[in-house]
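Letters A, B, ... mirror the listed sequences (proteins, then strands); counts begin at 1. The figures that follow rest on heavy atoms only: side chains count, while hydrogens, waters and symmetry mates do not.
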Number of protein chains: 2
Amino acid sequence: MKVERQHRPGGVPGALPGDRAAAIRVAALRLFATQGYRATTMADIGAAVGIRGPSIYKHVSGKQVLLAEIMLGTMDALIAAHAEATASAVSVGDQLRRAVEAHVRYHARHQLEAFVGNREIASLDQPDRDRVLRRRSTYERGFRKLIERGVSEGAFDVRSARLASYSILDMGMGVANWFHDGGEFSVDQLAYQYGDLALRVVGCQA
Amino acid sequence: MKVERQHRPGGVPGALPGDRAAAIRVAALRLFATQGYRATTMADIGAAVGIRGPSIYKHVSGKQVLLAEIMLGTMDALIAAHAEATASAVSVGDQLRRAVEAHVRYHARHQLEAFVGNREIASLDQPDRDRVLRRRSTYERGFRKLIERGVSEGAFDVRSARLASYSILDMGMGVANWFHDGGEFSVDQLAYQYGDLALRVVGCQA
DNA sequence: TGTTATGGCTAATGACTGTTAGCCGAGGAG
DNA sequence: CTCCTCGGCTAACAGTCATTAGCCATAACA
């Protein structure tokens, strides 16, 4: 998997704007996920896209913003997926199922983002760290309110909505740790089965 | 929370053997958990016990072994707790409940170990990393076999024992991320409730 | 009282790293 | 044909850090 180094010292001005920048973001994501943020050097990221470390600064303003983009983007994507999922169903049971499916789907399809997002919170400087944590709270609250509503409607039966929401979120996040394409389950199968498990957790007779 | 620096340059030979070493291990654990392994310096660890960075080498052979001890010790403790828990019950349902309770108890009582154990796998050099990963597999297999047995005995009802074991383990591990003493639940209450949730996940009518 | 091991300390080593400065070739614009 | 911008490059800067070397005061012990 050797990437061709730019032998021509000059760049290619008009060719594919933002292409390198995107490649850098992808490489950074992969390296942050496999080696960790602090263990990944700018030279590593550069090598992954065929340039030297310092050249990265022609496309991205620094290492820290690469991490911030990943983590903020991940949380925004999750929150958006949750909103879309809950809007597409009427009963609380279906809403929870859809929300869990979206949650699991994201963690299976964007394993690296999820992995980095969960592991590198301490590597993120302020104020971005608090921004990410706030979004995390918002996301969790969405599930908790859903469960509380299900309980008050008599559809769910749990001792603690908070415990249930944590459990459901945590088991879905775990998918990012072991899922790989071509395994026992497809993403869709996985999402459906975790939907089942979540409904069992909240004691929903479906 | 200022720690008194040793003003006397000389040591105290006979006094409390291994005390400093233990304090260093505790401090390292706390710092690894809060800042991450790579972000924690030997000077940080030293400051936490009132000495300078280099003095740590009088008690411990290096930073990497501090991490290895934490991670190997964590997995050994989990495996031992699992063995003890499953030995203390007869029915599969009870065995699973006890195993989950032990799992949750460990993650609530040893949050820092669990946190580091889950986050710093990539920071661990070989061959210790593989050692830890092997122990993790062993631990997961214990839960999976238990669930498979429950299914074959007709006590449990799951589509995939692997999915169920991952789910149950992941939701228990999540406890380490948010639990704190004096919160809504005690460790015992938490363990019991997660036992309930796990039995729901495997469809056990208890 | 003299000796020695312990466990502090400072200084130094050697390596690594994010980022900046400044150079330069190529291709597009005029 | 000339000029300018883009996007490479190398060199340099300004740290940081794990670890080693070597010094020395204390306290236990003979």
Side-chain angles (χ1 to χ4, degrees), chain A residues 2-25 27-28 31-32 35-70 120 122-125 128, chain B residues 2-25 27-28 31-32 35-70 120 122-125 128:
Chain A
K2 191 150 163 300
V3 181
E4 192 61 28
R5 177 70 41 80
Q6 291 292 96
H7 280 294
R8 50 197 170 126
V12 185
L16 301 161
D19 196 359
R20 264 288 153 78
I24 287 169
R25 271 174 258 266
L31 289 166
F32 289 168
Q35 308 181 333
Y37 175 76
R38 302 227 19 163
T40 300
T41 69
M42 293 304 264
D44 289 337
I45 300 172
V49 298
I51 62 179
R52 303 302 178 116
S55 302
I56 294 174
Y57 291 85
K58 299 286 177 167
H59 304 279
V60 174
S61 63
K63 194 185 174 188
Q64 183 64 211
V65 313
L66 281 170
L67 181 63
E69 283 174 6
I70 290 169
E120 304 291 356
S123 305
L124 198 60
D125 290 345
D128 285 320
Chain B
K2 193 148 162 297
V3 181
E4 193 60 28
R5 177 68 42 80
Q6 290 293 95
H7 281 293
R8 48 194 172 128
V12 184
L16 301 161
D19 196 1
R20 265 287 151 75
I24 287 168
R25 272 174 259 265
L31 289 165
F32 290 168
Q35 309 181 332
Y37 175 76
R38 306 250 340 189
T40 300
T41 70
M42 294 303 266
D44 289 338
I45 300 172
V49 298
I51 62 178
R52 304 301 178 118
S55 301
I56 294 174
Y57 291 85
K58 299 284 178 166
H59 304 277
V60 173
S61 63
K63 195 184 172 188
Q64 184 66 210
V65 313
L66 281 170
L67 182 62
E69 283 174 5
I70 291 170
E120 304 291 356
S123 306
L124 198 59
D125 290 345
D128 285 319

Ordered by number, residues from residues 54-65 of chain B within less than 4.0 Å of DNA chain D (heavy atoms) are B/Pro54, B/Tyr57, B/Gly62, B/Lys63

It should be established whether A/Arg52 places a side-chain nitrogen or oxygen under 4.0 Å from OP1 or OP2 of nucleotide D/dT10.
yes

Once you round it to whole Å, what is the distance between C1' of C/dG8 and CE of B/Met42?
15 Å

Residues in side chain to side chain contact (heavy atoms under 4.5 Å, CB included) contact with A/Ser123, at least two apart in sequence or another chain
A/Tyr37, A/Arg38, A/Leu67, A/Glu120

Between P on D/dT19 and CG on B/Asp125, what's the gap in Å once rounded to a whole number?
10 Å

One would report the end-axis bend of the helix from C/dT1-D/dA30 to C/dG30-D/dC1, five pairs per end and rounded to 10 degrees, as 10°

Just how far, in rounded Å, is P of D/dT16 from OH of B/Tyr37?
19 Å

Could you check how far CZ of A/Arg38 sits from P of C/dC16, rounded to whole Å?
17 Å

I need the full list of salt bridge (Lys or Arg N to Asp or Glu O under 4.0 Å) pairs touching residues 61-70 of chain A, with sequence neighbours left out, sorted by first then second residue.
A/Arg25-A/Glu69

Do B/Ile51 and B/Lys58 make a side-chain contact, defined as non-hydrogen atoms from C-beta onward lying under 4.5 Å apart?
no

For A/Val49 and A/Ile56, what are the C-alpha separation, side-chain angles and deciding distance, and is it a side chain to side chain contact (heavy atoms under 4.5 Å, CB included)?
CA-CA 10 Å; A/Val49 298; A/Ile56 294 174; 5.7 Å; no

Nearest heavy atoms of B/Leu66 and B/Ala28, plus distance in Å:
CD1-CB, 3.9 Å

With sequence neighbours left out, the residues meeting side chain to side chain contact (heavy atoms under 4.5 Å, CB included) with B/Thr40 are B/Leu31, B/Phe32, B/Gln35, B/Asp44, B/Ile45

